[in-house]
Amino acid sequence: MRHHQKIAIARLISDLIKSDDVICHEEIQLYNHIIFSFDISQDELHEAQFMSQEDAVTYIKSMAPNEQKKIFSILQKAAYSDNSCVAREALLLLSLSLTLNDKVNKYNLFSTLIRGWQSSEKYVVYIESDYMPAINDEIWQQYDTIANLLQLWKFEFIYIPKISKNSCEMDRDYLCDIIRYMNPRLTNDMLNNLYERLTNYTTESFTRDYLANLSHQNSFYDIEPSLLINVGVSYVPACNSSLQDTCFVNFLTIRLEDEPDSVLNEVRRFLDEYETFISEPEYHRPKRGKNLFHYHGFYKQFFDFLARQHTNGEENRIVIDIPARRIWMRGVEVQMSATQLATYIFILHQSCCTHHGGLVKAGQHHPLSDKDVQRLGSTYHAICNLFRDTPITDERSYLEDVPNIRGYIARIRTAIAHHIDDQDIQFYTPQDTSDKSRYYIAIDPTKITLRLSSGEIPFMDYPLWKTLASKH
């Protein structure tokens, strides 16, 4: 069995044991037996703490079908080792079962790293990147049926236009007072802007602006109508005692078919499957009442996202003024030296304008070809020359700059952390990919603008990028 496959098994069994917040004697015995049976080392157990559930499932899917069934059977045994399978255990087993047996790419599991996430609420969200009239008409017509069916199993049904409609039906003064209470420093213009967004937000905007940035997955910019279900978390320990623990939040997407009653039928199929795993269902009778402002679980995440976009009068975007050698993030100037700014733009370029999706690291474990070294060197020095009074014509080897770039990245991260809060910082700071092979910046390229002496242009339209591409 391959190294990453053993790490994947360790990640999934660990998630399953922790999912009900109780670790019983039988689970630990089974855990030790699995570690021994698959010859999983202590180093591999350590690495498993940092692997996402999404990657773990991908590695399991690469195994032979009989091996997949064996691992699923072991996980199922672990879930029932204390004679019960609670909601979070059932969701993990169900999502794994659906993705492993999926032959038509209908079910997908993805994980996103979020700091300080503590929500244990269950919800099902309708998502789409482009408006689909037939499906939206169905949801409006059958909203109560779908919502009540899910709430019987303690799932909240989230339909963004319904949230906007409920906000519109609230007394405006009541809602504005709450918004100002949550954000005391808002100007009247910002307050009105946030109110308009909250009462007119669409599913397409939520899918593209929120999910795509949250998950760092471009697939949400062009996704078919789907149901999005949160299926638990995978905890990641902090690197040292001064940092906060993080966790991967795991989601299952179910692609909807173009057929009558597609949403209602898919919800029923999902709940039927869910019922086969859970041993002690807790039925919940939904209550109805007048519209009130919700500030918990999904609603809190959604409101905080909208509020963060407008607290500084700016959405999540970057403006880079090349002649002035300055950079703004969400309307706030971030102080960087010319070389740090050049390095930051270098990583942005490699993240947004190349097929690598980030800056390929160079070192013992990531050797670069001579062509890669030349390509990276000429690109880096061309960008650096944008911020030099006297351009340097003699290009050094990119490998000579690697130690300096690492140091610049550390200083860049520190500079950004002084201005951007923890929830948003992952969109702006250079991040390491899970395999540590690249640095990347996750923000949507359409949110980046270059300010030149001739005016502002989108980052992707800068002529220099086309010149560099033509050379290689």
Side-chain angles (χ1 to χ4, degrees), residues 114 116-128 131 136-152 154-211 213-214 227-230 249 263 284-317 330-332 420-424:
I114 302 179
W117 180 283
Q118 297 296 331
S119 175
S120 60
E121 298 183 28
K122 300 181 298 180
Y123 48 79
V124 177
V125 190
Y126 173 69
I127 61 174
E128 61 183 2
Y131 183 73
N136 282 275
D137 287 346
E138 179 207 336
I139 295 176
W140 278 118
Q141 292 171 15
Q142 305 198 54
Y143 178 84
D144 287 342
T145 302
I146 296 169
N148 289 342
L149 189 60
L150 285 166
Q151 284 190 344
L152 285 172
K154 291 192 173 181
F155 286 93
E156 186 88 26
F157 181 50
I158 304 295
Y159 182 50
I160 300 299
K162 181 69 171 178
I163 295 177
S164 296
K165 183 174 183 292
N166 289 347
S167 298
C168 285
E169 292 174 350
M170 292 181 191
D171 179 79
R172 182 185 174 101
D173 291 339
Y174 161 69
L175 186 53
C176 287
D177 284 345
I178 290 176
I179 293 173
R180 192 176 291 284
Y181 161 71
M182 302 304 300
N183 299 267
R185 299 179 67 184
L186 284 178
T187 65
N188 288 334
D189 287 343
M190 293 178 191
L191 175 65
N192 291 330
N193 197 346
L194 181 51
Y195 177 84
E196 290 300 319
R197 287 295 294 273
L198 191 61
T199 54
N200 291 283
Y201 210 63
T202 65
T203 302
E204 309 95 274
S205 295
F206 170 78
T207 305
R208 290 170 173 268
D209 296 346
Y210 182 69
L211 285 179
N213 283 335
L214 176 73
L227 297 177
L228 175 83
I229 305 165
N230 70 322
V249 183
V263 181
H284 175 67
R285 184 63 59 184
K287 296 180 180 179
R288 295 285 181 234
K290 64 179 180 179
N291 291 331
L292 295 174
F293 186 84
H294 295 274
Y295 195 65
H296 61 83
F298 174 88
Y299 299 98
K300 180 181 185 301
Q301 299 291 325
F302 178 63
F303 177 80
D304 288 349
F305 162 70
L306 290 179
R308 284 196 306 274
Q309 282 191 316
H310 295 282
T311 299
N312 294 314
E314 293 278 344
E315 293 189 11
N316 287 330
R317 59 192 300 260
R330 291 184 65 234
V332 177
I420 307 295
D421 60 46
D422 284 346
Q423 288 290 337
D424 280 340

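In this chain, residues are counted from 1 in sequence order.
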Would you name the heavy atoms of [X] and [Y] that are closest together and state the gap between them?
X	Y	result
Phe157	Ile139	CE2-CG2, 4.0 Å
Phe155	Tyr123	CD2-N, 4.1 Å
Thr203	Tyr126	CG2-O, 3.4 Å
Thr207	Leu211	O-CB, 3.3 Å
Tyr195	Thr199	O-OG1, 2.8 Å

Got a second to check how far [X]'s [atom1] is from [Y]'s [atom2], nearest 0.5 Å?
X	Y	atom1	atom2	answer
Cys176	Leu191	SG	CG	4.5 Å
Ser167	Glu196	OG	CD	11.5 Å
Asn230	Glu156	CG	CD	11.0 Å
Asn166	Leu198	CG	CG	10.5 Å
Arg208	Thr202	CZ	OG1	9.5 Å
Lys122	Gln151	NZ	CD	11.5 Å

Ile146 and Gln141: CA distance, side-chain angles, deciding distance, side-chain contact (heavy atoms from CB on, under 4.5 Å) verdict: CA-CA 10 Å; Ile146 296 169; Gln141 292 171 15; over 6 Å; no
Tyr159 side chain reached by Asn136 side chain, heavy atoms, under 4.5 Å: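 Counting from C-beta outward, Asn136 and Tyr159 do come under 4.5 Å.
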Polar side-chain atom of Asn193 near backbone of Asp189 as donor-acceptor pair, under 3.5 Å: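 Not a single qualifying donor-acceptor pair exists.
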